[in-house]
Amino acid sequence: MKIKAGLGYDLHRLVPGRKLIIGGVSLPSELGCLAHSDGDVLIHSLIDALLGASGRGDIGQWFPDSDPAYRDISSLELLRRVMVEIRAADLTVINTDSVIVLEKPKLGPYFQAMRANLAPLLGTEPDRIGLKAKTAEGLGEVGSGKAVACWTVALLGYRG
Ligand code: MG
């Protein structure tokens with residue numbers, strides 16, 4: 001099996017009056033992501049990693065934030081649609097690995113629930129979905145709690 005790698009990155013502002021949804025899990029937080037969709041920074045970076053690895057553009061091309069159809073849509077649904085295309089191209093997810101940078105809340109207790117959401121959509125085992133949380137040590141916009149960022153790499157396998 002041959003492999004293709006993709007890298008994804010996303011960042012969202014954190015504002016009052018929005019839910020904080022990461023990996024499809026609604027987290028306890030006074031602030032949530034300002035976004036056209038549900039603002040799931042993990043899934044958005046994951047989608048861009050998958051699209052990058054498969055040579056299929058980026059999330060903005062697939063789901064423009066100018067399109068009312070995607071207003072407040074669950075990013076799990078966006079991921080489901082991307083995976084239909086990935087599978088149709090005979091690509092399979094070997095593994096993914098993400099780093100989420102956020103001051104609070106602590107994410108570790110929610111990783112199992114995030115993996116349970118993502119694994120069936122990705123068609124892979126939960127232990128192939130790497131999730132890591134970091135803080136920005138109080139530095140910059142992320143460090144002051146005004147934003148959340150996420151990086152993801154994805155490996156896709158294919159027979160060539
Ligand atoms: Mg985003």
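Heavy atoms only: backbone and side chains are in, while hydrogens, waters and symmetry mates are out. Atoms within a ligand are numbered from 1 in the order they appear, just like the ligands themselves.
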Following the transitive rule for hydrophobic clusters with a side-chain heavy-atom cut-off under 4.5 Å over Ile, Leu, Val, Met, Phe, Trp and Tyr, establish whether Leu11 and Val148 coincide in one cluster.
no

Any donor-acceptor N/O pair, Asp40 side chain to Gly23 backbone, under 3.5 Å:
yes

The Mg ion (ligand 1) -> Asp10, closest N, O or S atom is OD2

Check step by step if side-chain hydrogen bond (donor to acceptor under 3.5 Å, both in side chains) holds for His44 and Asp10.
CA-CA 6 Å; His44 293 182; Asp10 195 29; 3.2 Å; yes

Check the hydrophobic clustering (I, L, V, M, F, W, Y; side-chain heavy atoms under 4.5 Å; chains of links allowed) and say if Leu122 and Leu76 are grouped together.
yes

Would you name the N/O/S atom of His44 that lies closest to the Mg ion (ligand 1)?
ND1

Restricting to N/O/S atoms, is Cys33 within less than 2.8 Å of the Mg ion (ligand 1) or not?
no

